2 protein chains.
Amino acid sequence: MEFNLTQRQQNILLAIVLDYIATAEPVGSRTISKKYDLGLSPATIRNDMAELEDLGLLTQPHSSSGRIPSDLGYRNFVDYLMEKPTLSNSDKELMKNIRNNNTSSLEFMIDQSARVLSALSNTVALIQVPESNKEFIKHFQLLPINENTFVTIVVTNTGKVHNFIVKTDKTVNEGFFSNITGYLTEQLLGTPISNLQKKLNDIITGNQEYDNILRSIYNSIKNNLSYEKNKIYVSGTSNLLKEPEFNENQKAHSLMNFFEIGEKQNELSNVFLAIGSTLIDKSDPIVLIGKEIKISQLENCSLIIGSYNIGEDLSGSIGLLGPTRMQYGKSLATLEEMIKNLSNLLTNIYDVSNNFE
Amino acid sequence: MEFNLTQRQQNILLAIVLDYIATAEPVGSRTISKKYDLGLSPATIRNDMAELEDLGLLTQPHSSSGRIPSDLGYRNFVDYLMEKPTLSNSDKELMKNIRNNNTSSLEFMIDQSARVLSALSNTVALIQVPESNKEFIKHFQLLPINENTFVTIVVTNTGKVHNFIVKTDKTVNEGFFSNITGYLTEQLLGTPISNLQKKLNDIITGNQEYDNILRSIYNSIKNNLSYEKNKIYVSGTSNLLKEPEFNENQKAHSLMNFFEIGEKQNELSNVFLAIGSTLIDKSDPIVLIGKEIKISQLENCSLIIGSYNIGEDLSGSIGLLGPTRMQYGKSLATLEEMIKNLSNLLTNIYDVSNNFE
DNA sequence: TGTTAGCACTCACCTTAGTAGAGTGCTAAT
DNA sequence: ATTAGCACTCTACTAAGGTGAGTGCTAACA
């Protein structure tokens with residue numbers, strides 16, 4: 001990945017990337033000579049541009065136009081050349097305000113964070129609802145709604161509340177529910193949430209009525225836990241439509257379609273969660289550029305992805321998706337700050353390490 | 001609104017609307033004469049078209065082009081001319097399958113319904129989470145998470161489970177929570193959910209610790225109930241981008257932006273909920289065409305809106321948004337069928353009338 | 001030897017002009 | 001009352017020419 005560029009070539013590459021990000025127009029030698037104070041004539045710059053193109057860092061839409069950074073060009077820019085700005089106070093303020101809405105539900109805070117993130121970065125913000133394998137059941141309860149329906153409520157040590165509507169075949173009375181709640185609480189307390197399904201399947205009481213109910217709960221949870229687990233919050237998809245690279249109607253449609261199908265469980269979430277789970281050192285966000293994402297629909301996009309955490313056990317992926325021609329420095333700085341902010345905020349509220357059990 | 005059109009004029013208007021909906025191209029007299037079996041020459045049709053234009057039912061993009069239906073033209077079409085097709089069995093099947101995913105959470109079923117609805121109608125589907133003023137509190141519980149955080153769980157007679165994370169200033173022990181839970185349960189059981197906030201504010205125990213906790217719960221609920229109340233599920237927004245009328249990038253962007261900001265609580269939801277609440281006889285969906293919606297961003301769109309119900313007490317708005325050039329008949333039929341399907345499905349599960357209290 | 005001025009060349013983009021075609025309104029004939 | 005015929009209008013498409021931004025190459029220069 002190293003190219004042994006001369007200092008001058010680096011300067012030129014930097015100028016081209018910055019200019020192209022700002023204008024979305026191919027950058028010519030004259031433009032650089034004039035706008036950027038490199039003290040070089042267009043001819044000299046042309047020579048270096050030709051070499052940068054040979055190295056695969058730049059491309060040319062057609063033979064007599066200016067240059068555009070290639071994926072590799074952006075890669076080099078991100079790894080060696082760009083500066084990461086410090087965020088403005090007003091930006092930080094916006095993030096802190098998420099906390100100020102007093103105490104709220106987990107979902108509300110993640111939702112708000114995604115909104116702020118997309119607004120500040122002008123990209124699409126993606127935040128996964130946190131997952132944990134140290135999350136365990138703290139409270140388990142069946143509540144009857146009517147004669148053949150009840151709600152199953154599962155509360156974990158992290159404060160997440162899951163609920164499932166369950167229908168029964170036979171009508172049962174209210175006393176029955178407090179009995180079985182007592183029984184199941186005893187069985188399930190402390191069970192890791194990831195293990196709940198299996199455990200429910202394993203319990204056999206021998207009592208026909210109990211076992212029927214257990215079977216119903218099992219089915220309901222099977223369908224719903226996965227639905228909730230893969231949930232991600234997406235905000236700012238319309239930001240992409242602003243960009244000239246998505247001008248053509250068909251491109252815009254196919255991209256929005258990709259986002260939408262994925263809103264809950266398909267394409268986009270799968271991609272996002274899959275990439276998130278491969279991150280090794282999760283503390284710093286990584287940048288994937290264009291084809292590096294390996295999804296054809298996103299080959300004109302870049303993804304900055306990292307993860308936030310709640311205490312030491314819980315974590316979720318968080319990322320930004322924009323055109324390859326995105327503001328990498330600002331976006332990265334914004335994402336990092338949001339990771340800090342969100343981690344702090346949620347750790348403060350949900351951290352399980354100071355749990356009294 | 002009556003125009004006393006001759007039968008022939010009605011036929012011509014019908015042909016123009018159908019053709020324009022199918023092709024998105026202005027319709028000329030020759031086209032009608034050829035494609036539709038009216039037994040009339042183009043000249044005759046032209047005379048009637050001129051009159052229909054005088055009446056405001058048609059417009060002309062420019063002086064030598066064919067005609068396009070105006071909002072009023074669509075209005076007439078919808079009210080007097082169109083046929084409502086019977087749905088195909090495969091369409092009905094898709095709706096019934098929502099039920100087959102076994103028992104599920106309310107949100108999951110509404111989400112699924114919105115997806116199916118948008119897919120079948122090729123429009124944007126909007127479904128509000130059901131509201132009720134006969135919904136009352138059936139279960140109220142505080143559960144500690146760690147030494148200064150607890151979850152408030154509120155379950156209503158309809159099976160809806162609300163939960164709120166609440167922080168306390170002082171640390172309190174576990175026994176304290178079961179005491180206050182007992183106290184509050186006694187106070188709040190049977191309280192209409194719409195009245196919960198006020199009631200919490202009114203309770204003054206005189207006990208300093210209790211009152212602090214009550215104040216915290218009050219604040220948390222204040223912020224969150226409204227967030228949950230206005231929630232609507234939106235699906236199929238990208239369907240609109242397919243249509244030629246939203247070809248221009250800027251239009252597409254402003255429209256998607258309108259949808260997105262509104263995803264949870266602003267523009268689109270407000271509009272949708274406001275219109276929903278003005279419906280008098282909610283049993284049949286109504287059609288709003290173009291400017292009738294009275295939202296500038298949606299002046300090229302039509303909205304079909306109705307409401308579904310759960311038993312007799314709960315109801316929510318449900319609607320379809322498409323270009324004015326949408327398939328009114330098919331969309332209306334689809335929406336009506338979905339209303340039946342969803343109402344049945346949810347009434348079956350959640351109906352409170354056979355509640356044992 | 002690295003840098004730059006000069007020059008011929010390329011190619012997208014814009015403007016202009018011309019043409020084809022779909023559609024209209026009007027008039028006169030049926 | 002209906003329709004055939006005709007002159008007219010306006011968009012959409014195409015071709016041609018001009019403009020300008022940009023390039024690569026060569027030769028001169030410091």
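By convention in this document, chain letters (A, B, ...) are assigned in the order of the sequence lines, proteins followed by strands, and residues within each chain are numbered from 1. On a predicted model such as this, the values are computed, not experimentally measured, just so you know.
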Exercise for review: Please work out whether the ring planes of A/Phe77 and A/Tyr328 are parallel, tilted or perpendicular, with thresholds of 30° and 60°.
Suggested key: perpendicular
Check your understanding: Minimum heavy-atom separation for B/Leu279 to B/Ile305, with atom names?
Key -> CD1-O, 3.9 Å
Point to revise | Closest non-hydrogen atom pair between A/Ser302 and A/Gly290, with its separation | key: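 Heavy atoms of A/Ser302 and A/Gly290 come nearest at OG-N, 3.7 Å.
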Review point. Of B/Gly39 and B/His62, whose closest DNA chain D nucleotide lies nearer the 5' terminus?
Key: B/Gly39
Review point. Quick one: on DNA chain D, does A/Glu53 or B/Arg8 contact a more 5' nucleotide (nearest heavy atom)?
Key: B/Arg8
Practice item. Assess whether atom CG of B/Asp54 is packed by more than 12 heavy atoms of other residues, nucleotides or ligands within 6.0 Å. Key: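 Enclosed: over 12 neighbouring heavy atoms sit under 6.0 Å from CG of B/Asp54.
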Point to revise | B/Gln327 atom CD, neighbour heavy-atom count above 12 within 6.0 Å | key: no
Check your understanding: Do B/Gln7 and B/Asn11 have side-chain N/O donor and acceptor atoms under 3.5 Å apart?
Key ->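 A donor-acceptor contact under 3.5 Å links the two side chains.
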Point to revise | Flag for A/Lys242-A/Asn122: side-chain donor and acceptor within less than 3.5 Å | key: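 A/Lys242 and A/Asn122 do have a side-chain donor-acceptor pair below 3.5 Å.
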Review point. Through what angle, rounded to 10 degrees, does the axis of the helix from C/dT1-D/dA30 to C/dT30-D/dA1 turn between its ends, using five pairs per end?
Key: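 Between the axes fitted at each end of the helix from C/dT1-D/dA30 to C/dT30-D/dA1 lies an angle of 20°.
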Review point. Would one find a side-chain N or O of A/Thr44 under 4.0 angstrom from OP1 or OP2 of C/dT3?
Key: no
Measuring from [X]:[atom1] to [Y]:[atom2], what's the distance to the nearest 0.5 Å?
{"X": "B/Leu240", "Y": "A/His253", "atom1": "CG", "atom2": "NE2", "result": "9.5 Å"}
{"X": "A/Thr123", "Y": "A/Leu321", "atom1": "OG1", "atom2": "CG", "result": "7.5 Å"}
{"X": "A/Thr31", "Y": "A/Arg67", "atom1": "OG1", "atom2": "CZ", "result": "12.0 Å"}
{"X": "B/Thr44", "Y": "B/Ile12", "atom1": "OG1", "atom2": "CD1", "result": "8.0 Å"}

Which pairs, protein N/O on one side and nucleotides 27-29 of chain C N/O on the other, fall under 3.5 Å?
none

Length of the [atom1]-[atom2] vector between [X] and [N], whole Å:
{"X": "B/Lys35", "N": "C/dG23", "atom1": "NZ", "atom2": "P", "answer": "11 Å"}
{"X": "B/Glu51", "N": "C/dC26", "atom1": "CD", "atom2": "C1'", "answer": "16 Å"}
{"X": "B/Asp48", "N": "D/dT2", "atom1": "CG", "atom2": "P", "answer": "8 Å"}
{"X": "A/Leu52", "N": "D/dG24", "atom1": "CG", "atom2": "P", "answer": "11 Å"}
{"X": "A/Ile68", "N": "C/dA12", "atom1": "CD1", "atom2": "P", "answer": "13 Å"}
{"X": "B/Glu25", "N": "D/dT11", "atom1": "CD", "atom2": "P", "answer": "14 Å"}
{"X": "B/Gln9", "N": "D/dA1", "atom1": "CD", "atom2": "C1'", "answer": "13 Å"}
{"X": "A/Asn11", "N": "C/dT3", "atom1": "CG", "atom2": "P", "answer": "13 Å"}

Interface polar pairs with nucleotides 21-23 of chain D, N/O, under 3.5 angstrom:
{"residue": "D/dT23", "atom": "OP1", "partner": "A/Arg67", "partner atom": "NH1", "Å": "3.4"}
{"residue": "D/dT23", "atom": "OP2", "partner": "A/Ser29", "partner atom": "N", "Å": "3.1"}
{"residue": "D/dT23", "atom": "OP2", "partner": "A/Ser29", "partner atom": "OG", "Å": "2.6"}

